[in-house]
2 protein chains.
Amino acid sequence: MRASDKAYQTLLDEIVDGTLPPGTVLAEVEQAARIGVSRTPLREALGHLRKDGLVEPLAGRGLIVTAVSIDDIVELYELRQPLEQQAARLAAQRGNPQVFAQIAKELRGSDALIDSGEVGIKAYYQLNERLDRAIEDSISSAYLVAALKALHLHLARIRRLSRQNVNRLRAAAVETLVIVEAIVNRDPDLAASATHVHLQQSLRNSLETIQTRTIDKVA
Amino acid sequence: MRASDKAYQTLLDEIVDGTLPPGTVLAEVEQAARIGVSRTPLREALGHLRKDGLVEPLAGRGLIVTAVSIDDIVELYELRQPLEQQAARLAAQRGNPQVFAQIAKELRGSDALIDSGEVGIKAYYQLNERLDRAIEDSISSAYLVAALKALHLHLARIRRLSRQNVNRLRAAAVETLVIVEAIVNRDPDLAASATHVHLQQSLRNSLETIQTRTIDKVA
DNA sequence: CTAACCATTAATGTATACAAAGAACCGTGA
DNA sequence: TCACGGTTCTTTGTATACATTAATGGTTAG
């Protein structure tokens, strides 16, 4: 593995999982020493993170980890909505129905997973990741896939901020199942509409959860 | 201006305008010497171009300028459609109607521009760029704007491949006017639909133009 | 006491030297 | 003549030294 890749992956993981919270100053020499690479590959990593929108230059202070406000969540969904609707639409047109039928089958049993504690919930998340992968594999457009990948970076960060409760997960599983079944039945319009509905609910939940947390903080 | 920015801008321009055609090998030392910077900032520039999707690694041969096939054009539009529909929708919701009314006014006179030769056509293109800018300014979502910017990089490249004739430009102006008027009237759905129509026509024209050229080549 | 300017310093930005990995080419053998 | 192996050379990847810029703190003048 190249040193620049190592630096990028390390910083990316730490930003996404919150180890490096928003506002953290990333000084080159400091981070290079910490990660164990020289400044050259570290700079390359920082450049990529800047393109990803995960760090930004702060006048004279170097680079800092970007903030994620409530407005950012809304704005992110204004990109997520059209991208994932299109992705679902194309998957319904081109995807292998058998692949999605299998995922649908597993989704129908996801309630049991969700109710079976931490391990089950993790398995449920992995099922969702498999669905995302299957959709991306069905899309031939490299451009759309790239845009989706960039999007998911930011989504992963937000997911940490607004942790979903079990009720929301169960509801989300039902919504997702509608999408997957539409893909199996090669119904692009339904797949897109179901995605629209799912994301609207998902956004609403995110905002409500954040809201609650903010209130908790104030109290 | 930083040396890395200079290198990035230079290479970007040359790739977009065709000076560096697809398949061109970009060796670091060679390009660094040509542009007049050292390898370090040049590598930074190449890294960004790679993230943009304008260059790609070729096993052992370093980086080459990516190809643009007919399939790529179709795939690019599969990203463009949802992004620009969403952009038009948001602009219709949030844009300043006066700004777009002014653009609409100028669009109504664009036939005269298009018929007045090279200079007029250039002015027409600039009008379109102003429209794009106005739409981006109306969108609050930084994520969507970033995705649009990345998209427009590739579109600029394709525009060179399929040069539009005067008839197409006139038709495009009419289609664009429908979009802009929908924005002025704060009609998001119409703005999105009109964008859908416009891009569909635009794609069709691109493919036909490419097709013709290919036939010419064979003949 | 405050404000402005200079010096110091710590950071980024750049250049270059070095290392490592891979490809091409030449030579030798069958 | 072809195949295989080794060597050389070109390339990318990394480290480090140097340049430059901007911020900070102290000192001095008003």
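Just so it is clear, the structure is predicted and the values come from calculations on it, not from any experiment. Letters go in sequence order (proteins before strands), and every chain restarts at 1.
Residue A:R43 places at least one side-chain N or O closer than 4.0 Å to OP1 or OP2 of C:dG13. Residue B:T40 places no side-chain N or O under 4.0 Å from the OP1 or OP2 atom of C:dT14.
Counting to the nearest Å, the P atom of C:dT14 and the CD atom of A:E44 are 15 Å from each other. The separation between A:K6 atom NZ and D:dA15 atom P is 9 Å, rounded to whole Å. Here D:dT12 presents its P atom at 13 Å from CZ of B:R50, a figure rounded to the nearest Å. Atom P of nucleotide C:dA10 and atom CG of A:L58 are separated by 19 Å, given to the nearest angstrom. Between the CZ atom of A:R2 and the C1' atom of D:dT12 there is a distance of 9 Å, given to the nearest Å. Protein atom CG of B:L63 is 11 Å distant from nucleotide atom C1' of D:dT11, rounded to whole Å. What separates CD of A:E28 from P of C:dA11 is a distance of 10 Å, to the nearest Å. Between B:L42 atom CG and C:dG13 atom P the separation is 16 Å, expressed in whole Å.
Along DNA chain D, the nucleotide nearest A:R39 and the nucleotide nearest B:R39 are compared for position; the residue whose nucleotide lies closer to the 5' end is B:R39.
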*Give the C-alpha distance, both sets of side-chain angles, the deciding distance and a yes or no for side chain to side chain contact (heavy atoms under 4.5 Å, CB included) between A:E56 and A:I64.*
CA-CA 6 Å; A:E56 64 188 356; A:I64 62 168; 4.0 Å; yes
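Salt bridge present: B:E14 and B:R34 bring a charged side-chain N and a carboxylate O closer than 4.0 Å. B:E78 and A:R94 are joined by a salt bridge, as a carboxylate oxygen and a charged side-chain nitrogen come within less than 4.0 angstrom of each other.
A donor-acceptor contact shorter than 3.5 Å is absent between the side chain of B:S4 and the backbone of B:A45.
Looking at heavy-atom distances under 4.0 Å, B:L26 makes contact with sugar-phosphate atoms alone, never a base.
Side-chain to base pairing of B:S4 with C:dT14: no donor and acceptor N or O lie closer than 3.5 Å to each other.
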